[in-house]
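Accompanying notes for the structure given below.
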Amino acid sequence: MKEKTFSRTHLLILGLLSILLIVVLPVANAHGYISNFQLNTWGKYLCYAMLAISVDLLWGYTGLLSLGQAMFFTLGGYMFGMHLMLMIGRLGSYQSDLPDFMVFSGLTTLPSFWQPFYSFSFSMLMVVLLPALVALAFGFLAFRARIKGVYFSILTQALTYSAALLFFRNELMMGGDNGFTGFRRLFGAEIRSPEVQRWLFVATGIALVATYVFCRWLTRSKFGLIQQAVRDIEARVLFSGYSAAAFKLFVFVLSAVIASIGGALYVAQVGSINPNAMTPDKSLEAVVWCAVGGRGTLVGPIIGAVSVNAAKSWATQAYPDLWLIMLGAIFVLVVLFMPRGLVGLPAQFAWAGRRINAFIQERRGRRPNSDDDGNDGGDDDSGGPGTSRQPPDPPTEASAMSDPVPADPPGDPANPHARGQTEPPLTPAAQPQPRRTSADPDPSTP
Amino acid sequence: MSRQPFILTAEGLNKSFAGFQAIRDLSFYLDIGELRTVIGPNGAGKSTFLDLITGRTRPDSGALMFEEKDDLLKLNEYQIQRLGIGRKFQTPTVYTRHTVYENLLLSLAGSRGLWSSLFHRTKPAEDERIDEILQVIKLSDRAYDRAGSLAHGQKQWLEIGMLLAQDAKLMLVDEPAAGMTDEETHRTGELLMSLAGPRTIVVIEHDMTFVRQISAGRKVTVLHQGGILCEGSIDRVQNDERVIEVYLGRKSRARAKPKAKPQANSHAA
């Protein structure tokens, strides 16, 4: 059946969770039920969730595995960080109007491109604008050249790596490898104070809920249908008259902005940012969150980001040396056994339950309930690109009559060479010798 | 002397893949409203020809014009689609993870822009059109099933439905009958014949019963080794020496004189 963007139950759960995030947790914190540290940690997780959603929008819904999302996240952090650095004022160690690292590198006047960042609104504008422009330029070139699949991933990885190298340089006047730290004030208030941190948590909660609602609407619109068609069979989309490149570019820019907003909120709550945050492995971590939660679901990446980072917080204290091994193991296990991630587990269990049930009934000598497992089992709308787990389509008459065409066409609808061999012989007269023409060229050809 | 412009003009097309000449000096003219059947043995270049028309591959040389005013070689796939050229692929190529309804919705004629897709609301007229098409392709009861769960023949129907939804001026239909029952095949033929006239259709087929059905009183083009071997009515074509040689009677003749087919490369006048 046609689905609404938000069903009633969906709205109810969403509303309750939003109230929990935006009202209950901060109020509980204000009354001392939740420690400042805990609230701050959760605020950090929510920022990561924004990053994970941006990965999901690209990877889960559009089939673009971008390994550059950490760069956009960090860029947002830097743009807001510039404002926070200037707000330190004379409270820094050198008691200068300039940020400490500039004094340290011998500057006496503020570089001109720093000037506008005294304004909070300008800084916010740049949080949105700079990543959008970078994504627009990069995406335009990449998608126009029809760079796809693993090549796109490699390119985005190179992009984030080169950005990290750039920000490591002191000459950029962005703090070099120390980045920004030591923030003191936001809107004239002490930034580390519980009140400011609480409001930042609320802002993060609102941003996350708004992002989720927007993305949910987007992926359920006709745009979303086209976006997912690009993911499944990009070549076909072109022959339906849609410019796949334009759709990919839009999603790429949008994801960059979402990641960037997450990064800006992250910096204010964590209190520092440096170029290490944009190295490719940080992007890969976000991909793992997305996979663990269940890509192509929007909810999954949020769950994934929170759960993996909670595990990380625990493991880096309990077993600091083992964390990366655990992370790798989690990723491998998820890829092998949970193609739809945590979100897909109930459906997977239901499917397994039905199979076991059918098996038991068969052993008892009764016919199993056949229409249960003939079609794709627990496949709901949350199915990410992990289609490999779907049972194959039921055999058709066509495949019965020695038709070598697979029931489900591969991603590339038809390549002229492969097709020559898959033409089904329908009449005895047309019994072909397809390779003949190419194998032995016509002797009469001059 | 005034004449109707050709809807499709192909002149001197050449295309080779890594040394294999898939299309060889092909010239092809199609009148508006025609239902043209293209036959030919495997590897004759039929599908490659459609690839050239739809912008999937570029010819090495030659000219391709639509309605004698749009140069197809200057346009890409989606621009060509927007001119009003629709295509059904040889292996049914539908959006398997979308529902049948969504497949048709995405194919429906109308704006293809990004912004309009963002704020698109399905109008009653669109729903009516989709229902109509669903009835024609007999998939009304499967409208909200995933296209991937359809049988092969049903996917063929769905892709034909997508072509209908698109309302193209020129429909390129690659092996519509593959995987269909005799009865379905016959119905496909009826459908295609009913569409010809207001629309121009090119059908590629192997099934000779089907070809005979849809080409009665119409022109058939035989492709061989990337060029046109012969053109004319189905009876003429089937009785043509060269056609029998390379295609219809290959089995018997080919065994008798395996390599001697000197006239295979000379084109029909």
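Lettering follows sequence order; numbering is per chain, from 1.
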Taking all atoms of both residues into account, what is the closest heavy-atom pair of B:Val94 and A:Ile233, and its distance?
O-CD1, 2.9 Å
Quick one: what part of B:Ile85 sits under 4.5 Å from any heavy atom of chain A, side chain, backbone, both or neither?
neither
Is B:Glu102 salt-bridged to A:Arg220, going by a charged N under 4.0 Å from an acidic O?
no
Within a 6.0 Å radius of atom CG on B:Asp182, are there more than 12 heavy atoms belonging to other residues, nucleotides or ligands?
no
Evaluate whether atom CZ of B:Arg58 has more than 12 neighbouring non-hydrogen atoms of other residues, nucleotides or ligands under 6.0 angstrom away.
yes
Nearest-0.5 Å distance that lies between atom OH in B:Tyr78 and atom CZ in A:Phe239
12.5 Å
Let me confirm one number: the CG-OG1 distance from A:Asp232 to B:Thr93, rounded to the nearest 0.5 Å.
13.0 Å
Does the pair A:Arg236/B:Glu77 count as a salt bridge with the N-to-O cut at 4.0 Å?
no
Just wondering, do B:Thr122 and A:Lys222 contact through their side chains at under 4.5 Å, heavy atoms?
no
Would you mind reporting whether A:Arg231 and B:Arg97 have side-chain heavy atoms less than 4.5 Å apart?
yes
Apply side chain to side chain contact (heavy atoms under 4.5 Å, CB included) to A:Val128 and list each qualifying residue two or more places apart in sequence or on a separate chain.
A:Val257
Contact class of B:Asn76 relative to chain A, heavy atoms under 4.5 angstrom
side chain
Taking all non-hydrogen atoms of both residues, which atom of A:Val237 and which atom of B:Tyr95 are closest, and how far apart?
CA-OH, 3.3 Å
Below 4.5 Å from any heavy atom of chain A, which atoms of B:Thr185 appear? Answer side chain, backbone, both or neither.
neither
Residue among B:His98, B:Arg82, B:Gln79 with most heavy-atom pairs under 4.5 Å to chain A:
B:His98
Using every non-hydrogen atom in the two residues, find where A:Trp217 and B:Leu118 come nearest and quote the distance to one decimal.
CZ2-O, 3.4 Å
For chain B, find its close neighbours in residues 240-250 of chain A: heavy-atom separation under 4.5 Å, sorted by number, or none.
A:Ser240, A:Gly241, A:Tyr242, A:Ser243, A:Ala246, A:Phe247, A:Phe250
Side chains of A:Leu238 and B:Gln81: closer than 4.5 Å at any heavy-atom pair?
no
